[in-house]
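Step one of this worksheet: look at the structure below.
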Amino acid sequence: MENTERRIFGHSPGLFVLFATEMWERFSFYGMKALLIFYLTKYHLFTDDAGNILVGSYAAMVYAFPVIGGYVADKYLGFRKAVLLGGILLVLGHLGMAFEGSAASRDTAGVVTQDNFALQVFYFSMALIIVGVGFLKGNISSIVGSLYEEGDDRRDSGFTIFYMGINMGSFFATLLCGWLGENYGWNYGFGAAGIGMFFGLLVFMWGQKYFKGKAEPPDLAYLQTSIFGGISREWVIYILAILFVFVSWGIVQNHTIVEMILIAASIAALVRIIYFAINKATKIERDRLFVLTILIIFSVIFWALFEQAYTSMNLFADRVIDRTVFGKELPASWFLSLNALFIILFAPVFAWIWVELEKFNKNPNALNKFGLGIVLAGIGFGFLVLGCKGVSEGGQVAPIYLVLAYAFHSWGELCVSPVGLSSVTRYSPVRIVGFMMGVWFLATAGAEYIAGLLAKIASVDTSAPDSANGAVGAYENLFSILFYMGLIFGGVLLAITPFLKRFLHDKE
Ligand code: GLN
């Protein structure tokens, strides 16, 4: 059957539907994320601390929710319906973000008056996005995996192509929405993000026929059976999803609860994995699940290093990097788009390297790739430490160090992120692949939070005179800790790989 199917670059057309959908979804996601902290601090006059905490809570919740979205898709909805539900919630959420109300004002005594109605609309929109991503993000990745049979060695390259879509969305959004939002009005930036998501939903609705029934509910009749006075299970799920939006509306405004949820969700996920491994898995499934869990735990280290991009590295770019090029000062946020750019440029190179190495039976396994990825992230911070040591008299650091750091971080990301997605679909038992994909993103959620804690090491009191010089010292301190963290954790993983690799059962 596969042989007669039309192929694009050797892959099924379904991959390109998913590529385009996820490109637009990430366009909206990163377009909004690029504006978020500036919108909060400049328009609604949040303090830096309050803004950072809100961004952190939001990012953590966004990545924690796919556990529930994945579980519901595995058990009831199937991936296709789950992505559709997520897509609709996302369009609504991004539309809501475009409503800005009136700007906050500060009186002469320094008291800030905010537009509370606009802020509640904003929180509600965030909640729609949180639940929307929860249903979409993990499940769309699971559909990518479902396009490949077990043992199909196009799986990794399929995920690399998919990953390029993610980063194309991110690259253009960071530039476009940031520019629109900052220059023409926040609602234009957020609105552009929303239009992007609308395209994503349209592409998915049109292209869903290309998944050939591989993303359907596990038991359609069961899903459509009426419970609760004539309402089908399917509709009960949709109603519960909407209730979840209301619950998230409250939670996102309270970071202590977010913290508790992260801890509880991680423990619950581990318990479920162990329960499944003991009671429901065959020997090979158990072995693979064990190594997959180790991979996911190490991914927390990688993302905690990598996610400095949105906190300490971004502020470092703003405060310390010499951004003057040909007499013009570049916006600090432009450095962020380097990550997506490097991914787009190097994803095909990495995909090619893995395929070439495969020919000689030398393609590193997922454990080795993760170890390497964490080491590369560490090395990236090494360049920043070097930059800080070579600081100019005016307290500025040459931009090349930040460019090199982003390059190494992006190469590390290519060893971890697409490989991780691919590994989840490959090593997880099919019955819980959606849930495990959710756990994969839960690791990012935890990492976002840890990244925030780490970034605090370099907190700078910008009100102090001469803060730029102090800043370099604080950043050098943080970056050298992260440098060693990368080398040590990556090194440990590389060292234990020979003992773990047989649990992967790669040749079976
Ligand atoms: N940049 C990637 C994406 O948006 C990775 C996200 C993550 O897992 N932390 O899909």
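Whatever order the structure lists them in is the order used to number ligands and atoms, beginning at 1. None of the values given here were measured: they were computed from a predicted structure.
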Check: D287/H505 side-chain N/O donor and acceptor closer than 3.5 Å: yes
Examine R26 against ligand 1 and note whether any of their N/O atoms are separated by less than 3.5 Å. yes
Distance to the ring centre below 6.0 angstrom and angle to the axis at most 45 degrees; does that hold for R154 and Y148? no
Numbered in order shown, the ligand 1 atoms found under 4.0 Å of a heavy atom of F441 are 8 (O)
Out of the candidates F122, Y39, F29, only one should pair with F190 under the ring pair (Phe, Tyr, Trp, His ring centres under 6.0 Å) rule; please name it. Y39
Between T425 and R155, is there a side-chain donor-acceptor contact under 3.5 Å, judged purely by atom types and distance? yes
Taking atom 1 (N) of ligand 1 as the reference point, the nearest protein heavy atom with its distance: Y30 OH, 3.0 Å
Is it the case that K369 places NZ or CZ above or below the six-membered ring of W354, under 6.0 angstrom from the centre and within 45 degrees of the axis? yes
Is any N or O atom of K137, backbone or side chain, closer than 3.5 Å to an N or O atom of ligand 1? yes
Below 6.0 angstrom between ring centroids: does that apply to F383 and Y401? no
So is E413 in contact with ligand 1, going by heavy-atom distances below 4.0 Å? yes
Is there a heavy atom in Y163 that sits closer than 4.0 Å to ligand 1? yes
Closest non-hydrogen protein atom to atom 9 (N) of ligand 1, residue and atom name please, with distance? T444 CG2, 3.1 Å
Tell me if the aromatic rings of W249 and Y123 count as close, with their centers under 6.0 Å from one another. no
Atom indices of ligand 1 within 4.0 angstrom of I166 heavy atoms, with elements: 3 (C), 4 (O), 10 (O)
So is S417 polar-close to ligand 1, meaning N/O to N/O under 3.5 Å? no
Where does F29 meet ligand 1, judged by heavy-atom distances below 4.0 Å: at the side chain, the backbone, both, or neither? neither
For G434 and S142 the tightest heavy-atom approach is CA-OG, 4.0 Å
Can you name the atoms of ligand 1, numbered from 1 with element, that are less than 4.0 Å from a heavy atom of Y63? 4 (O), 6 (C)
N167 N/O to ligand 1 N/O under 3.5 Å: no
